[in-house]
Each structure stands twice: as structure tokens, then as C-alpha cells.
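Beneath this line is the structure, given in C-alpha cells, with notes to follow.
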Amino acid sequence: MKSSVYDHKKIEEKWLKIFSSKLPSPLDGEGTPVNTGEGEARDKLYLLFAFPYPSGSGLHVGHVESKTALDILARYYRMNGKDVFFPVGWDAFGLPAENYAIKTGIHPAETTKNAINTFKRQIKRIGISYDWEREIAASHPGYYKWTQWLFLQLHKKGLAYQAMGSVNWCPSCQTVLANEQVVDGHCERCDTEVIQKEMKQWYFKITDYAEVLMSGLEQVDWPKPTVQQQLSWIGKKTGININYQVLGLKNDGEKEIITCFTTRPDTNFGATFIVLGPEHKLVSKILDQVQNDKKTEISKYIEIARNKKEIERLAEGKKKTGIFTGLYCDHPETGKKLPLFISDFVLGNVGTGAVVGVPGHDVRDFEFAQFANRELGEKVEIIRVVVASDGDKSPITRVEQVQEEEGTMVNSGFLDGLDIHEATQKIMDYYEKEGYGDRVVNYKLRDWLISRQRYWGAPIPIVYDPEGKAHPVKEEHLPWKLPDDVDFKPTGESPLRSSKELQERTEKLYGKGWTPEYDTMDTFVCSSWYYLRFTDPRNEKEFASKENLQKWMPVDFYMIGPEHIVLHLLYSRFFTKFLREEGYLDFDEPFLKMRHQGMILGPNGKKMSKSKGNVISPDDIVEKFGADTLRIYEMFMGPIEADKPWSTSAVAGIYRFLGRIHNLTISTSKSEILNSKIGLQRKLHQTIKKVSQDIPKLKFNTAIATMMEFVNVWEKASKDAVETRNGVSQNTLFVTSIRDFIKLLAPFAPFLAEELNFIVEARLITSVRDKNAVSIHDQDWPKWDEKLAQEEEITIPVQVNGKLRDQLVVETRHSVSQDEILQKAKKLPKIQKWLEGKKIIKEIYVPGKIINFVVK
RNA sequence: GCCGAAGUGGCGGAACUGGUAGACGCGCACGGCUUAGAACCGUGUGGAGCAAUCCAUGGAGGUUCGAGUCCUCUCUUCGGCACCA
């Protein structure tokens, strides 16, 4: 058996050449549209991997994991006769390339192109069977033309709009950020502290879609926590806006009104004050009408509050600050005078920016009431209006007593005795009837801010007339090209301002004095519709033809990192719903089934990072052990969704496994028939069954374990076979069956499987050879025979009082009655020992599974 | 604080709707082959005990003939959200 060695390099290089020559021509080539359009119903399967950003550092082992997982599915389903759609493309716009350009002066287009080429080489090397003919790149004008078109469609419908507002600004990236890109007050990309800035920016009105974005989640097969997270990001809250009249403040003779949003109107009899956020629009009116010394006091507080950074506010913890305005509001029901404060614990962009204080039943309100009583010298009452199940009715004087749970109403007039939920409905009905307020639904979701003051992105297709009014770029002028003559250096202004070409182009097309929009779009705009473009990547007339969309969409399976849950997935779903409304799509949700791959950690169990020096390079592993070993190892590490640490010694184990298969195939194929006392054929059918069932469930680790078991049996059998060369029995394995095993291996180890297929084919006589199929990857997936997979005998554990005491071996050929089995079990010597002198009070037999005697 | 996920040998992990806990791999130990090593092959490997047996799935209870799996409480770790009214 020592005759040959598994030479991964030779094998993989040989087949890589042959695979590559079969691959369609790649990237920039203006390949012809792949519209085969036969129209008949096919069994299509769209497999999608998250739009990858081609970073300069190349492929890492994490990419290998998720790409391999999808590739296994692709190859498996192809062998099962499905029409598999498995495209690839690049999220090629983005900050890293631009930041690199600022540092080195090398144009982002160039670095991006190089990075893409590196990725492609690496991906091909590990044998991912993408459909390269459909390759796309977001930075290609043929692509971003349609990103811009999409902007124009949204603009037409008023869903792309420009507004002034306080925005998140990253001083290091010199750009604004979407809410979703601010993590703990820091820039998601560079971790610099984000500041607030007033700017005129472009927004997409995603909030119009809040409801459908929620309801759509009911029809997708996504991990539950992901659905949950999206829901909480959208953050739907139902409640009521209650109007309070401000006493002594006039608005053209009318009473001035403050509207407060609350989800707990049931506690409204406990309301004893009102607080405005410093950003509230009424603040300036108050300043106009109060006396001078009060005025300076208030302006001073607001000045401080506004200049406070997000971080400072958080760092202060829950410590309350604020100021009394000297004004009071009127409680519509209790008639109490509610003192009006201004405090920065009330956020301008939440609810109505004003809050009614119920200090007995909200910790923040309680803290503020204490602060007001102690430091502002303004008396604020704390009233209990809810009693919890513990029956505690005592006055609320300490923060631990603040009661936010369920309970029964007290001190609340007509609500007394009601459960809080009943009370909530009753008082909302009442307030609405009396005109004190209106039921409302609020969302945490904000509109999507898409302007970026950066260069390397799709230009926003807008031009301004000499008066400064915005006009959409005409569709015939798309793609509205990104100019080349720009200065990358960040100045706080958009780099496109420095382009002469863009300015000239605008004036030439639209007239003297016209100016272009200088901002580019957030790259998330580009990456939120790419899966549609894949269906028709070279179409110059539409973003994708209806036929092609119909043929391939929606995506059947999406593999994407858990980091994209709120951003990319929400935006993509928004676009899909918009395009559906516009009649371009006929489905609701773009991604039917989705799973997240886990992270591959360094050997020390920590996240891989260059600074920690625990980065494993896939190139090194491929060099040393081959792509097949790398693929199988990563699939064998554990469940695909779990985070798993790397182990280099375990990789060597996989290499041994493949080497064994290689050597066994070579020696077995010499003798056509393999006899053995061991049930090799049975094992094969069991293996086919298990692997076929595991792959669709993404349980690649156990599928591989099963194949390993088979190889262990096969190895034993091949040794055995030397002694029992003659006689054909049930335990005979034909060489054709070995090919069945190679087929199982093919999705996991495409190179080795092809080589082994080649070896086996060459040794087979023509009559057995499958004439149509040359490549193992074009052959049909093997079928298992339930009868052949069946064990000859089964072992049934026998328990006494739930403890395992012995085992009963039963032949499966003839059926035995339950009584017989129990009698046999009782006669087992070990069992007799345990039954001796005891009384059997219960006998349990779960067919084929277990026997249990309960004794006393 | 709120929401969510996960805790199983020395390690990665198996265990379908409750039915032999530890499949498979790594590591380790002993043996073979070798001048030696590497590689490879064989055997063993949860813990305690000579053994019968007992103890073991983060911890404490419970349901059940039977619990890693179901229920209650609790601890730890990791993700997400967070002064959201």
C-alpha cells in the first residue's frame, strides 16, 4: 500500500488548469448577456454570499469557511440536478481604498483592481465554483449607473430628499455617518469619536417602510435572533401624544402647547412635571418671553448641554442636570400645575423631544424629581399610582421603590382598581375623546442618511441650478461618472469639489452657473441591490430584465456574517419593497433563507488580528496541505454558525484522512472487487444516506465524520480482503461503489475527487464506465438503498431502574414480538442479578431503542 | 438595565421529535517500523476503584420508568441595544 503518496500539489495544480480552462472569461470583458431564457419551469437554486469588500490583505480563513460552505451546497445541488445560480462580485467602493490613496497617492481604482485580482486568484485556487461570467464590481460605471438610477427612482417618489439636520460626523474620516454606522459614539470604521454637526444632507425615507419591514420578517427563514434584532432596531412603540397647555406662554393669542409621547399613559395621574430636551423648538420661544436673569440662566444651560459630546453625556452616567423655566403646564385631567424644566436627559430625536414626568414609576423621572427638589428648589411631588402584586402601597421615597412593573391602579380617579393594561386603553380612549391627545405609533428607525463627503463612491446624481435648487441628473446622462481629476486629501469638504471635469460637465449639460452635487453615496447603497444585478449583469437598458429576475430571484440561501444584520439586510429589504411597489419585482422578500457563518479565531481562541500575531494565512495552508485539506478542515471544525479556534495540528489530521482515501482508492481499483467480512457495502449505503441528509442541513462537520468512519471501515476491509480473496458475498464492494464514495467527497474536496475519479475510470472496463460524465462534478449524486443500509443486528440497551445494566443483541431479519424481547432481556445473566429478589412493577420497551425494568 | 445566544473529556466537537453521553478528529500513552528522528501503522484513552461498581454534560431543585435534551431558580461567558419616555 506504500506504492503511492498523496501529492496534493501535483493533483491540485493539474486539475486547477483543467477547471480554469472551463471557466468563462472574467471581469472587465464586456461579456455577452447570459440570457438563455428557455422559460420553462426549472428547479433553480440561488446561492449567495455576502458582497465581499476586496481588501488589500486578501482572502483570510474566515472567507474560506463561508465560501466553501456555499460551494459544497452548489456542487451538491448540481449533482442532484438543480439549476444552481452561484454568482460572485465585489463591493468595490469604500473607505479603505480611499484612505490608502490618501496615504500613498495611488488611485483607489488601481488598488481595488489589484485587490480583486488577488481575491480571484485565491478563490479559484481553493476551488470555489462561482459563475465568473456574471462577475460584477460596484465601482464599474456599468454597475453604478443603476445605483444612480435607483436613487433617481426614489427621488421621483419623494423618497430621496435633502434635509438640514444634526448629523453624525467622523472627524477622522471627514464624513458623515448613518446612525447604524455609529457604534458606542464612535465611528464604526476608524473608532474615532463621532461629533454632531448641522449639515444639509441626502436621506432615503426608509421610515415609510417600517411596517412592511417588520411584517415581511414573518415569511423568511432566518435565525430567530436576527429577526429579533431587526425588530428591535426598527423599534416600534405604540402610545399616545398628550398635549399640555403651557400656562403664561402665548402664541399669537393661542395657548402654547407641549406634546409629550408616552407608552404608559396609565400612570398619567402620577404626572407631576414636564421636561423639554434642549433641542426642543419651544425653547427659543421660552427664551423670548422670560425675564432677563432667567433668560441668561437658561441659555447658559442650553449652551452647555448642546456642546456636550455624546461621550460626555454617557460618561456622566445617569446623573441628572437641568433648569427650571419658571413656567407651568396644565394637567388636563388632574388640573395640577406641572412645573416645566429643560434637561438633556430628554433626547431631541426621540418621541416628541418632550417628556411628561411620572417620578413614581420611571427611574429617570424619579432621579430628575430628586434633582429638582434638591438642587433647583422646585417642589416636585412623587405619587404612587400603581401597586404591584406584592401589595406594597407605601410612598415612593427611594429609587429602589420606583415601580415600573405590572400592577393595579391606585390614586387614579376613574382608573382605580384596573390592571395597568386595561387602564392604558381606557385613558387613551378618554384622552382621545376629550381631545387631550392622539394615539400614535413611534419607531426608533430613522431615515437613512446616504451622503458621504468622500471620493470613492457612486456620485449622487443631482445638479443645482444657479439659484441652488436641486434637480435630478437626467437618466440619459447616466452613468453620472465619478471624475478622475480630484485631490483625495481630506479637507472636510467633498473631494469632488476639486474636479474641474465634473464642473465643466455639469455646465455643459445643464447650463452656465449650474453646479454638481459633490457628495457620493454611502457604499451600503451599492451593496443593497447587487443580488438583483447578478441576474442580468451586462444589461445596459435595465438594472435587470424582468425575465431574468423572475427566473432567479429571490435568493434561496444567503450566507452572511452576523455583522450585517441591521445595516445591509434592512437596506436591501427596503430597496426590494420599493422596487416591488414600482412594479419591477414580484416578490416581497429578497432573501428567503439565511444563515450566519461563525468567526474563525486564532489558535489562542482570540479574534485573529495582525497586531496579535495570530493570523492564519490560507495561502500557507494551501501550499503545505492543499486546498482540499483546507476546505475539509474548515468544514470539520464545528458547526458553521459557531465561532471556532484554529488548530494547525488538526489540519494535519485531515491531510492524513485524504491521503488514506487516495491510497485506498489506488490499491482497491486494482482488484475490481473487494471482499471482506466486514459489512463494507452496508457502511457505504449508511454513509451515502447520512452525507446526503447532512449537506442540506449544513451539517458539514458530521458529514465529514461519517466519511471518516467509512474510510476506517474501508481500510480494515482492504486488509481483510487479502485473506478472503474468493467468494462474492453481501460484504463485497465493487469498484463502481468506490466511485459512489468519491462522489460524496466531491463537493468537499473537488480536486482530489476529480483525480480519484480519473484513476477509477481508467481502470474500469468500458461497459461500466459512465459515457456521458467525464468530470466527477458532472455526475449524478449517488442514491442509497434503505435495505442495504440496514444493520443485520441491533443492540438494545437494557436498563434496570433507568441505569444501564446490559445489552441485548437482536437480529433484524425476523421480527420478534415485544414479549419475546422482554423475556430474552430478563434472561440476560447481568439483568437476572439485578432483578433477583425484586419485584418488577413496570416493563418498558421502546422498539429498537431501549428496555427498562422498574423494580422495587 | 433590557433583548438574544452559549456552557459536554486535556482540546475542537457528536448525541434525530426525552432513550447506551463523549461519534469523528486533535492531543497524549504504550508498542511496531527505523542506526536515530520525521512520516507511517497498531492498541489504549472522561474521572475514581484490583474489582463489583460508583461519579460525571456550569450550579441547585423539579417533571419522568428514563433528562445534555423539558420546567423553575441561579452562576459564568459572548453578542446586540441602551437616559428610547
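Please read all numbers here as calculations on a predicted model, not as lab measurements.
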When the [atom1] atoms of [M] and [N] are compared, how many Å lie between them, rounded to an integer?
N	M	atom1	result
B:A23	B:U43	P	15 Å
B:A48	B:A56	P	15 Å
B:G27	B:G46	C1'	15 Å
B:G9	B:G59	P	10 Å
B:A15	B:U20	P	13 Å
B:A6	B:U72	P	15 Å
B:A29	B:G80	P	41 Å

Note: A:Lys683-A:Glu709 ion pair, threshold 4.0 Å (strictly below): yes
Do the two ring centres, one from [X] and one from [Y], sit under 6.0 Å apart?
X	Y	value
A:His8	A:Tyr655	yes
A:Tyr633	A:Phe636	no
A:Phe853	A:Trp834	no

Sorted by position of nearest nucleotide on RNA chain B, 5' first, the leading residue of A:Ile796 and A:Lys699 is A:Lys699
Any donor-acceptor pair under 3.5 Å between the side chain of A:Lys320 and the base of B:C83? yes
May I ask you to decide if A:Asp362's main-chain N or O and A:Arg364's side chain share a donor-acceptor pair within less than 3.5 Å? no
Please work out which of the three classes, parallel, tilted or perpendicular, describes the rings of A:His568 and A:His564, given edges at 30° and 60°. perpendicular
At under 4.0 Å, does any side-chain N or O of A:Arg364 touch on OP1 or OP2 of B:C84? yes
Of the options [options], whose atoms approach the side-chain atoms of [X] most closely?
X	options	value
A:Gln229	B:G80, B:G42, B:C84	B:G80
A:Val846	B:C83, B:U53, B:G19	B:G19
A:Lys833	B:A82, B:U53, B:G4	B:U53
A:Asn712	B:C65, B:C24, B:U20	B:C24

Quick one: which protein N/O atoms are closer than 3.5 Å to N/O atoms of nucleotides 11-13 of chain B? Pair and distance per line, please.
unit_1, atom_1, unit_2, atom_2, d
B:G12, O2', A:Met637, O, 2.7

Syn or anti for B:G32 (syn when the glycosidic angle lies within 90° of 0): anti
Separation between OG1 of A:Thr263 and CG of A:Asn442, rounded to the nearest 0.5 Å: 10.0 Å
